Enquirer: 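Dropping a structure here in structure tokens format, bear with me for questions.
Counting convention: from 1, in listed order, for ligands and their atoms alike. Worth saying up front: this structure is predicted, and the values here are computed from it rather than measured. All heavy atoms count here, side chains included; hydrogens, waters and symmetry mates do not.
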Amino acid sequence: SGVERLGEMIAEARVIVPFTGAGISTECGIPDFRSPGGIWTRNRPIPFDEFVASQEARDESWRRRFAMEEVFAAAKPGRGHRALASLYRAGKVSAVITQNIDNLHQASGFAGEHVIELHGNTTYARCIGCGQAYPLDWVRHRFDGDGLAPNCSACDEPVKTATISFGQMMPDDEMQRATALSQACDLFIAIGSSLVVWPAAGFPMMAKNAGARLVIINREPTEQDDIADLVIHDDIGEALGPFVAN
Ligand code: OAD
Ligand code: ZN
């Protein structure tokens with residue numbers, strides 16, 4: 001079966017780089033973006049330039065974020081996260097590249113510096129001007145006070161979740177580290193991503209072109225299935241559950 005073949009490929013690999021999307025967190029209660037019921041089937045994205053230009057867009061953005069707070073706060077790592085953490089502890093995986101913002105790789109046991117967050121992190125906020133970090137409670141307190149998304153105490157620019165929106169610059173350091181990891185691994189496993197959002201979706205192909213074996217685990221077909229060495233169209237918990245140690 002596909003899972004047995006994956007087990008062989010993991011055993012044969014020296015350096016494995018997992019690359020994750022929202023599909024790894026759906027069993028944790030966090031919706032993905034493009035499945036039925038996904039975030040982008042319910043809300044249109046608020047592009048970065050709109051967030052910068054419009055107080056109403058910022059208010060809406062924070063309303064959406066706080067509406068999700070209970071979901072994020074209750075979420076625990078799933079079988080996929082735990083399987084990757086097991087491979088990390090075993091020394092097979094040195095770091096995970098993720099498009100996810102939910103902090104669940106860290107919660108599963110990855111050290112912060114070994115989670116390459118291409119699209120940032122939604123568990124805290126940042127000023128878009130000076131970069132000052134803020135806890136979400138700081139934002140919540142102000143937002144609940146006057147109903148307005150707050151600006152930075154230091155520079156008065158808008159404060160945003162520490163995530164990357166459409167039209168916002170990708171983080172330089174993370175892009176460089178993801179590039180280096182993709183080019184140095186011998187097994188790259190794309191997990192739970194539709195692989196349609198670039199530049200993130202370029203990493204599987206980059207790894208393949210640099211000589212790695214490529215595995216794609218996703219319920220739905222992806223645009224890159226045809227370049228993969230192994231495709232598993234199954235539930236991630238089922239496919240990776242066997243690799244959770246103890
Ligand atoms: P998508 O919602 O585009 O894709 C998630 C994929 O996971 C879908 O193809 C699902 O079929 C699959 N899936 C969901 N649950 C699964 C499960 N339990 N088992 C197996 N497969 C499952 O999410 P991403 O590819 O992560 O970026 O989206 C990429 C980016 O688009 C996000 O990082 C976000 C979004 O816009 C920004 O906002 C910048
Ligand atoms: Zn600031």
Enquirer: Would you mind listing which atoms of ligand 1 come within a distance below 4.0 Å of any non-hydrogen atom of Thr26?
Expert: 14 (C), 15 (N), 16 (C), 17 (C), 18 (N)

Enquirer: So which protein heavy atom does atom 28 (O) of ligand 1 come closest to, and at what separation?
Expert: Arg34 NH1, 3.2 Å

Enquirer: Could you check whether Phe188 and Phe203 have their ring centres less than 6.0 Å apart?
Expert: no

Enquirer: At less than 4.0 angstrom from any non-hydrogen atom of Trp40, what atoms of ligand 1 do you find?
Expert: 35 (C), 36 (O), 38 (O)

Enquirer: Considering only protein heavy atoms, which is closest to atom 6 (C) of ligand 1, and at what distance to one decimal place?
Expert: Asn218 OD1, 3.4 Å

Enquirer: Which ligand 1 atoms, with their elements, are less than 4.0 angstrom from a heavy-atom of Asp234?
Expert: 19 (N), 20 (C)

Enquirer: Taking only heavy atoms of Phe166 into account, list the atoms of ligand 1 that are under 4.0 Å away from them.
Expert: 36 (O)

Enquirer: Starting from atom 30 (C) of ligand 1, what is the nearest protein heavy atom, named by residue and atom, and what distance separates them?
Expert: Val197 CG2, 3.7 Å

Enquirer: Which atoms of ligand 1 are found less than 4.0 Å from any heavy atom of Gly21?
Expert: 26 (O)

Enquirer: For Gly38 and ligand 1, answer yes if some heavy atom of the residue is under 4.0 Å from a ligand atom, otherwise no.
Expert: no

Enquirer: Using a 4.0 Å cut-off to any heavy atom of Asp235, which atoms of ligand 1 qualify?
Expert: 17 (C), 18 (N), 19 (N), 20 (C)

Enquirer: Please state which protein non-hydrogen atom is closest to atom 19 (N) of ligand 1 and give its distance, to 0.1 Å?
Expert: Ile236 N, 2.9 Å

Enquirer: Between Arg63 and Glu60, does any NZ, NE, NH1 or NH2 come within less than 4.0 Å of an OD or OE carboxylate oxygen?
Expert: yes

Enquirer: Tell me, which protein N/O/S atoms are under 2.8 Å away from the Zn ion (ligand 2)?
Expert: Cys127 SG, Cys130 SG, Cys152 SG, Cys155 SG

Enquirer: Considering only the protein, which heavy-atom contact is closest to atom 4 (O) of ligand 1, and what is its distance?
Expert: Ser194 N, 3.2 Å

Enquirer: For atom 39 (C) of ligand 1, what is the nearest protein heavy atom, given as residue, atom name and distance?
Expert: Ile164 O, 3.3 Å

Enquirer: For Ile116, run the side-chain contact (heavy atoms from CB on, under 4.5 Å) check against Leu181, Val96, Thr98 and tell me which one passes.
Expert: Leu181

Enquirer: Provide, to 0.1 Å, the distance between atom 29 (C) of ligand 1 and the closest protein heavy atom, together with that atom's residue and name.
Expert: Gln99 OE1, 3.3 Å

